[in-house]
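The block underneath contains the structure these notes are about, expressed in structure tokens.
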Amino acid sequence: MMTEHKNILSQGKALNKPVVLIGMMGSGKTHFGRLLGARLDLDFYDSDVVIEEKAGCSVSEIFERWGEAKFREVEALTVRDHLARGPLVLATGGGAMMNPDTAKAVFEQSHSIWVKANLRTILSRVSKNRNRPLLAGDDPKGTLQKLIKIRQPVYEKAAYRLDSSAKDTQKVLEQLIAEIYSAEHKQ
Ligand code: S3P
């Protein structure tokens, strides 16, 4: 019985909806998204990477050439498109949920997971990567603090939370998968 249960859990295709990771840049959405995709046997997508592949250039270059508004437009379409594809795992860019239509669709049509990280963790992670145009100014810490204040009330509405600094990542992920699976089977 136990083995049967485990087998079902290892097949993400038993899920009916996508799994969408939301949260601040540098929180670990891509890292956990990849792990979840592998564990659930589902394809993993990172919306920034999808957009970069479509545009043929980096997120920073998209901001420079066409502006943030254009990026947000393509980002909203990218998330909407992936939500319509059935079970998969999608990591969204940190600002994607600031579009109210995107937020509504993600909360209604997916298993939404807020990947939660503290400011210190976020700062140390983003400092290793230059592809974050919003932090290009001279006060990335202050910018992050402002963004967290604005965005957290939206992230908090996610159905699940994943503490990105949890020590036993494997255990946390298994618990999360069990919760997602049981939520689907209650519906
Ligand atoms: C952004 C986050 C980035 C990327 C863009 C804007 C944001 O994605 O979409 O630089 O507004 O927080 P990550 O959250 O994957 O870093």
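For reference, positions follow the sequence shown, starting with 1. Start at 1 and go down the list; that is how both ligands and their atoms are numbered.
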Taking only heavy atoms of [X], which atoms of ligand 1 are found under 4.0 Å from at least one of them?
X: V59; result: 5 (C), 10 (O)
X: D48; result: 3 (C), 4 (C), 8 (O), 9 (O), 13 (P), 15 (O)
X: F71; result: 9 (O)
X: L134; result: 7 (C), 11 (O)
X: R151; result: 7 (C), 11 (O), 12 (O)
X: K29; result: 13 (P), 14 (O), 15 (O)
X: R72; result: 6 (C), 7 (C), 11 (O)
X: G93; result: 8 (O), 9 (O), 14 (O)

For ligand 1, indicate whether the residue M97 contacts it via side chain, backbone, both or neither (heavy-atom separation under 4.0 Å).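 For M97, no heavy atom sits under 4.0 Å from ligand 1.
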Should the proximity of M98 to ligand 1, defined as any heavy atom under 4.0 Å, be assigned to the side chain, the backbone, both, or neither? neither
How far does [atom1] of [X] sit from [atom2] of [Y], to the nearest 0.5 angstrom?
X: L83; Y: Q109; atom1: CG; atom2: CD; result: 5.0 Å
X: L119; Y: K141; atom1: CG; atom2: NZ; result: 6.0 Å
X: M25; Y: L134; atom1: CE; atom2: CG; result: 4.5 Å

When D46 is tested against each of L21, T30, T92 for side chain to side chain contact (heavy atoms under 4.5 Å, CB included), which residue passes? T30
Does an N or O anywhere in R132 fall below 3.5 Å from an N or O of ligand 1?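 Indeed, backbone or side chain, R132 has an N or O that close.
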Please report whether ligand 1 has a polar contact with G94, defined as an N or O pair separated by less than 3.5 Å (distance criterion only).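 Yes; at least one N/O pair falls below 3.5 Å.
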How far is atom 10 (O) of ligand 1 from its nearest protein heavy atom, and which residue and atom is that? P133 CD, 3.5 Å
With the threshold set at under 4.0 angstrom, would you say E68 reaches ligand 1 through any of its heavy atoms? no
Test item, E52 contacting ligand 1 (heavy atom, 4.0 angstrom): no
Please check if any side-chain donor atom of [X] sits under 3.5 Å from a side-chain acceptor atom of [Y], or the reverse.
X: T78; Y: D81; result: no
X: H111; Y: E184; result: yes
X: N131; Y: E52; result: yes

State whether the number of non-hydrogen atoms from other residues, nucleotides or ligands found under 6.0 Å of E156 atom CD is greater than 12.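 Count over threshold, so yes.
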Ion pair E174/K171, N-O distance below 4.0 Å: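 Result for this pair is no, no salt bridge flagged.
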Sub-3.5 Å donor-acceptor pair from the side chain of R151 to the main-chain atoms of G94, do we have one?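 Yes: the side chain of R151 pairs with the backbone of G94.
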